[in-house]
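Take a look at the structure set out below.
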Amino acid sequence: MDAFYASCELLRYPQLKGLPVVIGGGRRKEDDLLGKLQAAYPDGEWTEETFAERLDRIPVDFFPRIEGYTGRGVITTATYAARQFGIGSAMGLMKAAKLCPQAILLPVDFDRYRHFSRTFKSIITEIAPVMQDRGVDEVYIDFTNVPGGQREGGRVLARLIQKSIFDATGLTCSIGVAPNKLIAKMASEFNKPNGISVVHEADLQTLIWPLACRKINGVGPKADEKLQSFGIHTIGELAAREQHWLMEHFGKSYGAWLHDAAWGRDDRPVELESEPVSMSRETTFERDLHAVRDRAELGAVFTRLCEQVAADLQRKGYEGRTIGIKLRYDNFQAVTRDQSLTEYTADAKRIRQVAGQCLKRVDLSRRLRLLGVRVGSLVKAGTAAPTDKGYIATEETTHEQAELFFPDD
């Protein structure tokens, strides 16, 4: 999907189309916007009853800008008009404010995004039922046995999917058609927004090899930095290296995968069922917090994270038995601890209790930038028999704790 979160917001606020808009920061505070409108129009033109029906009539000047933003919020997505200024996903809002201070800032509305996500996926499966869910805004589709799926190399079916989604939602998507998932993923980025790109096996050298290695899904910043240190910048340069050389310098498994990826080889099927291995929630604080001096605030955040993870598990019908925590200190060092149980759970109190035990094994004398809670080793709720293992503490570390910022109750 094209700039998915931002596109969902533009359906609500069509007056912002063509403008630089970023989605990020905290959750929506519509009362603030309504209050501003009521103050500017005291004749009663804007009321709580009519506000939701008149979102498309809110003057552009009433929307908040990111100019002068202070805090640690990050951007989830941005409109293409904002991306022209160098703004992108996962960028800090303070940095974005320097690049494009006039950009409009809208808070996230995950309920809305999930609604549109379910809608576009149901449309796809009516046309091409072999679909692999890849998150809120992306899927893989197998065209092989779809009637007409091979016409014009898949372009006809791709156009049908685009039109069906747009007619039902008003949203656009970009589709890459290729012999496998690896190349299809790259091709989907060629002609955004609302584009279709068809890549055949014979197109590998002309369309894929000139691309940067980072365009391969699975080559991260560290791997790319190491590749560049060897003078390997493009996929074609990667393909020119012998497999044994890549395995020697990047490890047997990853080196062999790099060689296959550079040559466009990928035999992974489109999987109808993809079970999650874990669920987590985390938050980055607006300011660094200390376990003792900010005990109450941290305790409230910790409890909320545990409740959110539990709610996610229950909503999706899973239980887990490995519970862990993640901390990032003020120097950006990250640590994790986890502990496995004899039983599976999706209970917020149980998750909070065990996560609290994990926190006893990390250094809480330093200021914290981020806190997260994770539940892993997931199974469908009610399907697992109890294990015969007791608590399994990983990376055991003992620290003197002046005062833990929450009890183990």
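Any value given below was found using the heavy atoms of this structure, including those in side chains, with hydrogens, waters and symmetry copies removed.
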Has R287 got its NZ or CZ under 6.0 Å from the middle of the six-membered ring of F285, at an angle within 45 degrees of the ring axis?
no
In D137, I23, D109, L171, the residue satisfying side-chain contact (heavy atoms from CB on, under 4.5 Å) with C8 is L171
*Find out whether I183 and I208 are in side-chain contact, i.e. whether some heavy atom of one side chain is under 4.5 Å from a heavy atom of the other.*
yes
Can you check whether V277 reaches L378 side chain to side chain, under 4.5 Å on heavy atoms? no
inquiry  = With a 6.0 Å cut-off (strictly less than), is the heavy-atom count around CZ of F62, excluding the residue itself, greater than 12?
reply    = yes
Problem set entry | Presence of salt bridge, E307 and R352, under 4.0 angstrom | no
Query raised in the report: Can you list the steps and then say if V60 with I104 is a side chain to side chain contact (heavy atoms under 4.5 Å, CB included)?
Result: CA-CA 9 Å; V60 172; I104 292 169; 4.0 Å; yes
Closest non-hydrogen contact found for L11 with R112 is CB-NH2, 3.7 Å
Shortest non-hydrogen pair, V219 vs R214, comes out as O-NH1, 2.7 Å
In short, G18 meets A81 closest at the heavy-atom pair O-CB, 3.6 Å
Test side-chain contact (heavy atoms from CB on, under 4.5 Å), reference H259, set M247, R265, R241, output is R265
Review point. Does R350 come within less than 4.0 Å of E343, counting only side-chain N to carboxylate O?
Key: yes
ask   = Is it true that D266 and R268 have a side-chain N and a carboxylate O under 4.0 angstrom from each other?
value = yes
query: Side-chain donor-acceptor pair under 3.5 Å between R369 and T284, yes or no?
result: no
By side-chain hydrogen bond (donor to acceptor under 3.5 Å, both in side chains), Q84 pairs with (sequence neighbours left out) none
Could you check if a side-chain atom of F51 sits within less than 4.5 angstrom of a side-chain atom of L37, using non-hydrogen atoms only?
yes
So salt bridge (Lys or Arg N to Asp or Glu O under 4.0 Å) across residues 242-259, not counting sequence neighbours, yields none
Quiz item: Does one side chain, of H290 or R366, offer a donor that lies under 3.5 Å from an acceptor on the other?
Solution: no
Exercise for review: Please tell me if the side chains of M1 and E138 come closer than 4.5 Å, counting only heavy atoms from C-beta onward.
Suggested key: no
Exercise. Any cation-pi pair here, K192 with Y80, using under 6.0 Å and within 45°?
Worked result: no
Next item on the list: Decide yes or no on side chain to side chain contact (heavy atoms under 4.5 Å, CB included) for K17 and T79, but give the supporting numbers first.
Entry: CA-CA 9 Å; K17 286 184 178 179; T79 60; over 6 Å; no
| Could you walk me through whether I232 and E237 pass the side chain to side chain contact (heavy atoms under 4.5 Å, CB included) check? | CA-CA 5 Å; I232 302 172; E237 291 170 343; 4.2 Å; yes
Distance col, row E53:CD vs D56:CG, nearest 0.5 angstrom, shows 10.5 Å
Are the side chains of V375 and T345 in contact, using a 4.5 Å heavy-atom criterion? no
Neighbour count above 12 (heavy atom, 6.0 Å) for E67 CD | no
Rounded to the nearest 0.5 Å, the CD1 atom of I75 sits from the NZ atom of K95 at a distance of 10.0 Å
When you compare the side chains of Q308 and D312, does any donor N or O come within less than 3.5 Å of an acceptor on the partner? no
Worksheet entry | Polar side-chain atom of R65 near backbone of A103 as donor-acceptor pair, under 3.5 Å | no
- [ ] Indicate whether any N or O donor in one side chain lies under 3.5 Å from an N or O acceptor in the other, for S122 and T125.
- [x] no
For Y69 and M94 the tightest heavy-atom approach is O-CG, 3.4 Å
Fill in: Close aromatic pair by centroid cut-off 6.0 Å: F63 and Y13
yes
d(K215 NZ, F190 CZ) to nearest 0.5 Å is 8.5 Å
- Side chains of D363 and L327: does their closest heavy-atom pair fall under 4.5 Å? no
Query raised in the report: If you measure from the Lys or Arg side-chain nitrogens to the Asp or Glu carboxylate oxygens, is any gap between E225 and K222 under 4.0 Å?
Result: no
Item checked: I325 vs D338 side-chain heavy atoms within contact, under 4.5 Å -> no
For A223 and Y254 the tightest heavy-atom approach is CB-OH, 3.5 Å
Taking the side chain as every heavy atom from C-beta outward, state whether L93 and V22 have any atom pair closer than 4.5 Å. yes
Q) Looking only at side chains, do S117 and K121 share a donor and an acceptor under 3.5 Å apart? A) yes
Item checked: Exercise: do D142 and T144 side chains pair donor with acceptor under 3.5 Å -> yes
Quiz item: Below 6.0 angstrom between ring centroids: does that apply to W245 and F230?
Solution: yes
Separation between NZ (K36) and CG (D61), nearest 0.5 Å, reads 9.5 Å
Output for pair (K163 NZ, T172 OG1), nearest 0.5 Å, gives 15.0 Å
Smallest heavy-atom separation, L157 atom then I127 atom, equals CD1-CG2, 3.5 Å
- Test side-chain hydrogen bond (donor to acceptor under 3.5 Å, both in side chains) applied to R83 and T77, step by step: CA-CA 9 Å; R83 296 181 190 190; T77 195; 3.1 Å; yes
ask   = Do S340 and T322 have side-chain atoms, one donor and one acceptor, less than 3.5 Å apart?
value = yes
ask   = Are there more than 12 heavy atoms of other residues, nucleotides or ligands under 6.0 Å from atom CG of N331?
value = yes
key: Candidate pair K226 and F250, rule side chain to side chain contact (heavy atoms under 4.5 Å, CB included), full reasoning   = CA-CA 9 Å; K226 187 173 180 179; F250 290 88; 3.5 Å; yes
Pair Q162, R159: side-chain N/O donor-acceptor within cut-off below 3.5 Å | no
So CG of D260 and CG of L246: to nearest 0.5 Å the spacing works out to 10.0 Å
